[in-house]
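All remarks here apply to the structure that follows.
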Amino acid sequence: MMEWTDRHCRFLHRRLTRHALLYTEMVTAEAIIRGDRARLLKFHSCEHPVALQLGGSEPDRLAQAARIGADMGYDEINLNVGCPSDRVQSGRFGACLMREPMLVADCVAAIRARVSVPVTVKCRIGVDDQDPEVALPTLVDACVAAGVTTFAVHARKAWLEGLSPKENREVPPLDYDLVYRLKREKPQLTIVLNGGVGTLDEVDTHIRHVDGVMMGRAAYQTPALLADVDARLFGGEARTIDEAVEDYIEYIGEQLAQGVPLNAMTRHMLGLFNGRPGARQFRRHLSENATKRGANVETLRTALSFLARDARVAA
Ligand SMILES: Cc1cc2nc3c(=O)[nH]c(=O)nc-3n(C[C@H](O)[C@H](O)[C@H](O)COP(=O)(O)O)c2cc1C
């Protein structure tokens, strides 16, 4: 998620769950080809499995960017066919590509020809006046013909005329049934459901109908829920929040030494202790102090001192 799931966020999330697949923010092919690759694509070796999400609609450029990402070690290349922002539409990529399934197919075919890691697609169920019953399977079929077998479907339309990106994540109604049906009708595909999933109980319900569930805002805003993911969904061990935080503090120390400001890392922790006594003071201390010159690990430790420690926190 743009501006949210940067490498610091992903490091923290990986300390909370070893098994969930993590995604980068969407990065445009042009940014990767022409921009500061090291800065855009750098990630920590602990982040695996981690998917690089690309934005774009020029097959050759996407293929070139994907190759760069795959060579850097990303485990999957995902093409964004779901982002509704104006900026993205004017560049002719994101959700507006729901109208151009053959172009999307050309893009994924070109990417697949250049990388050996899985190439996946994140899409909507349709845009504007499209009929999702037609638009979703049409896009999926075109991509399947190009060799894609995994789709993450944000189970609502994007209304490209008249809604802001934020409204486009809330206003168009969710149609989980359509995504369930996609899986039923194409059982050979890996179908991941996305949109409006707030708790692991909801994940348990969806997972009876699809192969996976992608959580966006809930994972970011209440990351403590990730600490239960391994035990509940992967047969692994639950992590404690406090263990994860200790690992993150060590990481923060290393990053501070490399000139990363404290707030760039602590901002991803603000929702971590929601519901725990002292959470508000924790957040306030960080909001007021983490951007100050010289803010360091002690600033974070002081914020943590407001919390009742050593509890496994339910999200
Ligand atoms: C701040 C923000 C940034 C986002 N950036 C991306 C992005 O870069 N790529 C993408 O596929 N979806 C992006 N999304 C959409 C989410 O991935 C997800 O599809 C959407 O929020 C619905 O899922 P949720 O209800 O679990 O959040 C973003 C969402 C938010 C809130």
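The figures here come from the full heavy-atom set of this structure, side chains too, leaving out hydrogens, waters and symmetry mates. When a residue number appears, it is its place in the shown sequence, counting from 1. Indexing begins at 1, ligand by ligand and atom by atom, following the structure's order.
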Just list the side-chain donor-acceptor pairs under 3.5 Å for residues 134-155, sequence neighbours left out, or say none.
from, atom 1, to, atom 2, distance (Å)
Thr138, OG1, Val134, O, 2.5
Asp141, OD1, Lys186, NZ, 2.9
His154, NE2, Arg156, NH1, 2.9

Flag yes if more than 12 heavy atoms outside Glu254 fall under 6.0 Å of its CD atom; otherwise flag no. yes
Once you measure the plane-to-plane angle for His48 and Phe43, does it fall in the parallel (<30°), tilted (30-60°) or perpendicular (>60°) bin? perpendicular
Can you say whether the rings of Phe306 and His285 are parallel (under 30°), tilted (30 to 60°) or perpendicular (over 60°)? tilted
Would you call the rings of His209 and Tyr180 parallel, tilted or perpendicular, taking 30° and 60° as the class edges? parallel
Close side-chain approach of Leu189 and Lys183, heavy atoms under 4.5 Å: no
How would you list, by chain and number, the residues with a heavy atom under 4.0 angstrom from ligand 1? Met1, Met2, Trp4, Met26, Gln53, Asn80, Lys122, His154, Arg169, Asn194, Gly195, Gly196, Met215, Gly216, Arg217
